[in-house]
Q: 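Take this structure first; my questions come after.
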There are 2 protein chains.
Amino acid sequence: MTTKGTAERIIEAALQLISEKGYTAATTKTIAELAGVNEVTLFRHFGNKRGLLKAIVEQFSYYPVLQQEINQNVTWDLEKDLYNFSLKHFEFLMSIKDLVMIGFKESIQFPEISEEIANIPLLIKKELCQYFQEMQHRGKIREVNVEATALSLIALNFGHFMSRARLGTMVSDIPTEELLQTSVAIFSRGLVS
Amino acid sequence: MTTKGTAERIIEAALQLISEKGYTAATTKTIAELAGVNEVTLFRHFGNKRGLLKAIVEQFSYYPVLQQEINQNVTWDLEKDLYNFSLKHFEFLMSIKDLVMIGFKESIQFPEISEEIANIPLLIKKELCQYFQEMQHRGKIREVNVEATALSLIALNFGHFMSRARLGTMVSDIPTEELLQTSVAIFSRGLVS
DNA sequence: CTAGCATGTAAGTAATTACTTGCATGAAAG
DNA sequence: CTTTCATGCAAGTAATTACTTACATGCTAG
């Protein structure tokens, strides 16, 4: 089907441009140009500009979260697990970087988006809480507020992601893996009893 | 002088609207309305719309960074110092929330802004590196990559800030102080030798 | 009192924007 | 071969946008 191909190309172009310039500044004309499609084709597919954004958000909500991948590779070795998770978390965020940026840029104008992107940390928090609770039962980490702990690790990874995604190497040129390794090393040492 | 008053009101209105809707979607008309000023007054003060943004960024760069405040209250008690810093860091980011948001929203369209906002973490990193180095000399923390450590703490606080600033209590309703306290407790425990 | 200066008001302009309509084309499917 | 369907192309529209010009008003300093 060539139909699906063009629609996808339009969505990709819109994703890129809206994440770069914002919803209003990304005009339907430039989106169509980038997609290599006539502007009318865009309206025939999505009705209007908001329909395009809606399509993006829908694609967003169907995006597989890294839940399974986290649970599968658990070794119950704290530092190893947290490093593996943080790396996966970081790479996941990078892979949906454009979507995350749109979410943060247009969250006030389009509240639906805020709800969608808030789902990601919520799901991850849930998984992490279960993991930390089990680690507490096993006596491998000390008594802490598991929710606050989970949120802290998420914030840590998200902070690294935002720094790299928007500022690149302007703040530091330490390789991402090394950065994550150091932060996870500190974090896991701070959790062991 | 009423002049200064109006210019400031226009900047404030622009700050709010551009941070909410983005540069393009925040029209000069709505900015003038929010400032309670005629639209032409805006152009008489700043020439054109970009001049307004420039004025915002300039105000931004003259903003006092929390450097002194960090150095003044140092007790060389790791957890106490880091909590104090994290709270100040968080409150500082919240106080310039609109500016930070503009920085992240328009960093691609207006690269000058990126450079300005990248300065904040850079300055803070420098201060933190000095602190951690001194703490290492005093034998209070173990041998770690101080730069990566500083960046991690900054990322941690920034992550908390972004979560609260954009998602509010959607992700969690734990009070900010409690969150910061937990994350700093883990972080500082992970640093002690 | 008056001269200057910041602001308001009214009106307009050229460009851009989202979106529409009508028609041509070409490829695939029956 | 013909019908259907996705797309391209040309042209246009109403609304909005950044920005300008000309003139009126009111406050303040000398």
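First the proteins, then the strands, lettered A, B, ... as listed; each starts at 1. On a predicted model such as this, the values are computed, not experimentally measured, just so you know.
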Q: Would you mind listing every salt bridge (charged side-chain N to carboxylate O under 4.0 Å, His left out) that reaches into residues 50-68 of chain B, with sequence neighbours excluded?
A: B/R50-B/E112
Q: Please check if atom NZ in A/K97 has more than 12 non-hydrogen atoms from other residues, nucleotides or ligands closer than 6.0 Å.
A: no
Q: Base contacts versus sugar-phosphate-only contacts with protein, heavy atoms under 4.0 Å: please encode nucleotides 19-24 of chain C as B, S and - from 5' to 3'.
A: BBB---
Q: Here's a test of your reading of the structure: between A/Y23 and B/V37, which maps to the more 5' nucleotide of DNA chain C?
A: B/V37
Q: Between atom CD in A/E33 and atom P in C/dT17, what is the gap in whole Å?
A: 10 Å
Q: Using only side-chain N and O atoms of B/T6, determine if any of them is under 4.0 Å from OP1 or OP2 of C/dT7.
A: yes
Q: Separation of A/F46 atom CZ from D/dA6 atom P, in whole Å?
A: 13 Å
Q: Should B/H45 be listed as having a side-chain N or O under 4.0 Å from OP1 or OP2 of C/dT7?
A: yes
Q: Does B/T41 make a side-chain N or O approach to OP1 or OP2 of C/dG8 shorter than 4.0 Å?
A: yes
Q: Axis-to-axis angle across the helix from C/dC1-D/dG30 to C/dG30-D/dC1, five pairs an end, to 10 degrees?
A: 20°
Q: Could you tell me how far apart A/I18 (CD1) and C/dT17 (C1') are, to the nearest whole angstrom?
A: 15 Å
Q: What distance do A/S152 atom OG and B/H160 atom NE2 have between them, rounded to the nearest 0.5 Å?
A: 3.5 Å
Q: Just to verify, what does B/T75 make a side chain to side chain contact (heavy atoms under 4.5 Å, CB included) with, not counting sequence neighbours?
A: B/D77, B/K80, B/D81
Q: Going by the rule side-chain hydrogen bond (donor to acceptor under 3.5 Å, both in side chains), which residues pair with A/T176 if we only count those two or more places apart in sequence or in a different chain?
A: A/R164
Q: Assuming nearest nucleotide by heavy-atom distance, tell me which of A/T27 and B/G36 is located more 5' along DNA chain C.
A: B/G36
Q: Measure the distance from CD1 on A/I10 to P on D/dG8 and round it to the nearest whole Å.
A: 8 Å
Q: Find the distance B/K29:NZ to D/dT16:P and express it as a whole number of Å.
A: 7 Å
Q: Mind checking what makes side chain to side chain contact (heavy atoms under 4.5 Å, CB included) contact with B/A150, not counting sequence neighbours?
A: B/K125, B/L128, B/C129, B/F132
Q: Treat each ILVMFWY residue as a node, draw an edge where side-chain heavy atoms are under 4.5 Å apart, and state whether B/L122 and B/F161 are in one component.
A: no
Q: Using a 3.5 Å distance criterion without hydrogens, assess whether the side chain of A/S114 forms a donor-acceptor pair with backbone atoms of A/P111.
A: no
Q: With a 4.0 Å cutoff (strictly under), does any side-chain N or O of B/N38 reach OP1 or OP2 of C/dT7?
A: no
Q: If you group Ile, Leu, Val, Met, Phe, Trp and Tyr by side-chain heavy-atom gaps below 4.5 Å, do A/Y23 and B/I108 land in one group?
A: no
